[in-house]
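Report on one structure; see the data block that follows.
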Amino acid sequence: MGRYCIRVATGASLFAGSHNRVRLWLVGAHGETKLELELRPVRGQVSRRERGPPPRPELGLAAGGQPRGERPVRRGIQELNDSWTALAGTSSLRVLAPQEEEFEHDVPDDLGPLQFVKLRKHHSLVDDAWFCDRITVQGPGAGEEAAFPCYSWVQGEGVLCLPEGTGGGSGGRTTQTVANHLHVSPARLAGDNALDVFQKHREKELKERHQIYCWATWKEGLPLTIAAGCEDDLPPNMRFQEEKRLDFEWTQKAGALEMFLKRVYTLLSSWNRLEDFDHIFWGQKSTLAGQWSPQGLEEGDIPTVYCPPSPLHPDPTEKVRQHWQEDEFFGYQFLNGANPMLLRRSTALPPRLVLPSGMEELRAQLERELQNGSLFEADFILLDGIPANVIQGEKQYLAAPLVMLKMDPHGKLLPMVIQLQPPSPSSPTPPLFLPSDPPLAWLLAKSWVRNSDFQLHQLQYHLLNTHLLAEVIAVATMRCLPGLHPVFKFLMPHIRYTMEINTRARTQLISDGGVFDKAVSTGGGGHVHLLRRAMAQLTYCSLCPPDDLAERGLLGTPGAHYAHDALRLWDITARSPPAPLGRYVERIVRLFYHGDDVVRGDPELQAWCREITEVGLCRAQDRGFPVSFQSQNQLCHFLTMCVFTCTAQHGAINKGQLEWYAWVPNAPCTMRMPPPTTKEDVTMATVMGSLPDVQKACLQMAITWHLGRHQPDMVPLGHHKEKYFSEAKAKAALNQFQTDLANLEREITARNEQLDLPYEYLKPSLTENSITI
Ligand SMILES: [Fe+2]
């Protein structure tokens with residue numbers, strides 16, 4: 001008995017509020033009460049996120065339904081207009097502030113410790129969905145606050161049951177587990193008491209989720225995906241929110257329109273010199289894309305606005321246009337370009353590199369570099385034998401090059417020799433292209449390498465190793481971990497929007513008749529072949545930078561900024577010393593898993609692990625993926641891989657697209673003539689006849705702008721606003737993570753000021769908290 005204070009937070013998205021009535025029950029250990037109050041969740045209010053403090057939430061109704069503050073008015077159309085204004089390129093992005101309503105209510109009975117809040121939305125004609133962030137209840141009187149995180153859409157007229165998320169109730173095993181650490185426990189592991197209300201709740205929740213989140217096979221031999229034929233089939237909680245959807249679809253249309261106009265323009269222009277690519281060059285787009293201010297930060301946080309190019313650091317896209325033919329620039333991209341994943345330090349001369357007689361001097365040079373430890377290689381053998389696309393009746397071509405490079409004393413990586421195809425018994429020995437060759441022959445050989453890199457980058461390292469892997473993690477999380485599970489709470493911010501962006505990729509990008517089929521040399525089915533090959537060699541170690549970079553011999557390599565920043569980010573995320581309490585993941589894990597035995601004894605966690613490796617990744621245990629967790633350390637390592645893949649790794653692979661691919665000759669999406677077999681015959685006509693034509697080049701420009709530009713609603717790594725965890729130690733771990741990220745930000749900024757070409761792709765402020773594009 002006593003007075004309860006109830007706060008209801010509605011999400012900040014454009015249509016998060018609802019005009020339907022919502023009824024609420026409090027459920028305690030001793031009883032349940034149906035409160036005679038009716039919520040009318042408000043819509044988020046449009047506010048500017050420029051300078052100054054964040055907007056103060058407006059309160060709706062107070063005790064007895066009396067207004068405590070001005071109730072926000074319905075402004076759907078205005079919101080839409082405002083949002084469109086923002087999307088159309090005003091100087092600041094308008095975002096919506098979350099709304100909170102507060103009620104007080106006297107309850108005559110003693111409910112005991114609160115266990116659940118139940119919600120039911122009623123509607124007459126229109127089912128106006130409501131996005132509820134969370135509900136907090138304080139009382140009776142000045143008692144402790146209980147939190148009920150939701151972060152879900154409330155739709156239909158069913159009863160939604162939210163379990164208490166801050167402990168104090170009769171929880172499962174975790175209450176006991178963390179008793180020595182915490183006054184209250186924020187999340188619960190599965191208990192072994194089937195009669196426990198929370199145990200019953202989590203079992204029911206998982207049963208329902210199994211119906212909603214089903215696996216599907218997109219293509220045999222590839223990771224499983226969420227079962228959804230298109231984005232409309234997705235569970236509502238996995239959909240883009242309105243601002244994201246509007247932005248995504250608007251930029252898609254804008255890109256298509258610009259592409260059309262440029263094609264019309266180029267009909268009047270020549271297309272037989274490299275300079276003709278200027279007609280369609282969108283260098284300024286990276287500046288335009290940099291004007292957005294991301295969500296998620298407030299005054300005092302690290303700055304996150306993507307700075308427009310400064311005089312010190314001119315637009316990198318323009319720099320690519322100016323320098324793409326230079327060997328140094330070509331070599332640099334293997335270390336710090338859009339795809340830094342293929343390069344490795346040579347430990348022997350590759351068997352496929354057959355040096356014909358007359359090339360003894362080259363062999364001596366290669367062996368000298370090998371002895372010095374300064375010989376590197378990039379082998380695109382995965383492309384060998386992949387069928388090439390046919391676009392509108394025109395055959396396209398693929399190669400499977402090998403590039404040997406040396407690192408000079410200044411840390412510059414320079415190509416020494418390019419072999420475009422591996423030797424074959426049925427073909428003459430493939431020619432070797434050298435920097436001393438006729439300039440156009442050498443340029444064409446490098447363009448072939450760049451084309452091959454485009455294929456592996458997009459399919460193996462971008463789509464498979466980040467997008468599809470993250471989707472497996474997301475689906476398994478929704479199927480195996482109930483909302484009360486600490487790993488669920490930990491991972492949810494890192495899987496935001498991933499199912500929808502992947503579903504859209506499967507229906508628009510890599511689908512039959514999609515962008516790959518229209519413009520890319522691996523389209524038309526070769527891309528699926530390639531993905532299968534890449535999947536067959538995807539190892540757990542290759543996803544973990546400390547292992548991957550060691551295996552590729554890149555640890556400590558001067559000028560390898562991706563390698564350096566990836567390791568630093570991994571360490572900050574994981575568990576490495578010197579942080580006295582451990583890093584982010586370790587602190588969270590130790591909060592809920594008191595020892596290795598608790599890890600081993602968590603059936604939901606173990607089921608989640610099996611689901612990822614055996615189901616989602618189609619029995620990937622033979623490539624090092626775990627089927628169970630035996631220790632805290634093993635769990636930490638795996639969770640770090642999950643977070644790193646969904647955030648930093650995707651950022652490093654995704655963000656370079658715009659800068660390195662906007663100038664199409666630097667990364668041609670397709671090649672329209674076979675690889676050259678002689679050097680003397682290569683002319684400008686051969687080069688232009690090989691590179692993409694206007695139509696394909698325009699499509700490459702449009703899609704790389706669409707996918708590579710800065711996302712206006714991006715949430716920076718570690719700065720999510722969802723409060724799944726409520727207690728102090730979990731919050732402290734996140735705060736420490738943010739501090740560590742801010743320190744790394746300063747380190748990278750200082751380093752970049754010394755560089756001609758700053759490496760920005762792993763800057764924490766530019767790293768998105770999940771895969772959303
Ligand atoms: Fe992406």
Side-chain angles (χ1 to χ4, degrees), residues 218 222-223 225-226 231 234 238 240 244-245 247-249 251-252 255 285-286 289 292 294 306 337-341 453-475 493-511 514-516 519-520 522 527 530-531 534-535 538 543 562 566 569 642-662 667 669 699-717 760-763 766-773:
W218 177 61
L222 298 184
T225 67
I226 183 72
E231 59 270 18
L234 287 167
M238 296 296 119
F240 288 169
K244 171 77 174 177
R245 187 187 67 76
D247 172 71
F248 188 89
E249 293 177 357
T251 53
Q252 213 170 20
K285 288 288 186 185
S286 65
W292 304 103
Y306 180 65
N339 179 22
M341 302 310 294
D453 202 39
F454 180 102
Q455 315 301 325
L456 291 195
H457 168 234
Q458 293 292 16
L459 292 168
Q460 181 176 18
Y461 297 109
H462 186 191
L463 178 63
L464 176 67
N465 288 15
T466 65
H467 278 259
L468 296 183
L469 188 76
E471 187 173 355
V472 167
I473 294 167
V475 177
H494 300 301
I495 62 175
R496 171 181 179 252
Y497 292 164
T498 301
M499 289 189 205
E500 174 149 354
I501 194 64
N502 284 7
T503 302
R504 285 178 183 265
R506 281 190 290 275
T507 54
Q508 298 167 18
L509 206 59
I510 47 176
S511 53
V515 172
F516 261 71
V520 182
T522 45
H527 60 313
L530 188 63
L531 283 166
M535 174 68 179
L538 173 64
L543 302 170
Y562 161 80
L569 262 172
C642 292
V643 174
F644 188 84
T645 298
C646 296
T647 61
Q649 183 62 18
H650 177 259
I653 294 299
N654 193 71
K655 285 205 288 282
Q657 290 179 94
L658 183 60
E659 292 171 357
W660 295 102
Y661 291 3
C669 55
L699 196 52
Q700 174 174 337
M701 297 286 307
I703 200 69
T704 52
W705 175 59
H706 181 51
L707 300 180
R709 76 201 170 85
H710 192 72
Q711 292 300 295
D713 69 336
M714 77 90 82
V715 176
L717 175 59
E760 303 257 301
Y761 303 146
L762 286 173
K763 251 186 167 177
L766 300 179
T767 297
E768 207 165 354
N769 209 36
S770 64
I771 298 179
T772 73
I773 191 69

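Only a predicted model underlies this, so the values are computations on that prediction, with no experimental measurement involved. Start at 1 and go down the list; that is how both ligands and their atoms are numbered.
With the Fe ion (ligand 1) at the apex, His467 NE2 and His650 NE2 define an angle of roughly 90° (rounded to 10 degrees).
Between atom OG1 of residue Thr498 and atom CD1 of residue Ile226 there is a gap of 12.0 Å, rounded to the nearest 0.5 Å.
Residues Asn465 and Leu543 form a side-chain contact, since some pair of their non-hydrogen atoms from C-beta on lies under 4.5 Å apart. A heavy-atom distance below 4.5 Å is found between the side chains of Phe248 and Ile773.
Coordination check, Ile773 versus the Fe ion (ligand 1): passed, since an N/O/S atom of the residue sits under 2.8 Å. Backbone or side-chain N, O or S atoms of Asn654 reach the Fe ion (ligand 1) at under 2.8 Å.
Tyr761 and Glu659 share a donor-acceptor pair across their side chains, judged by distance under 3.5 Å alone.
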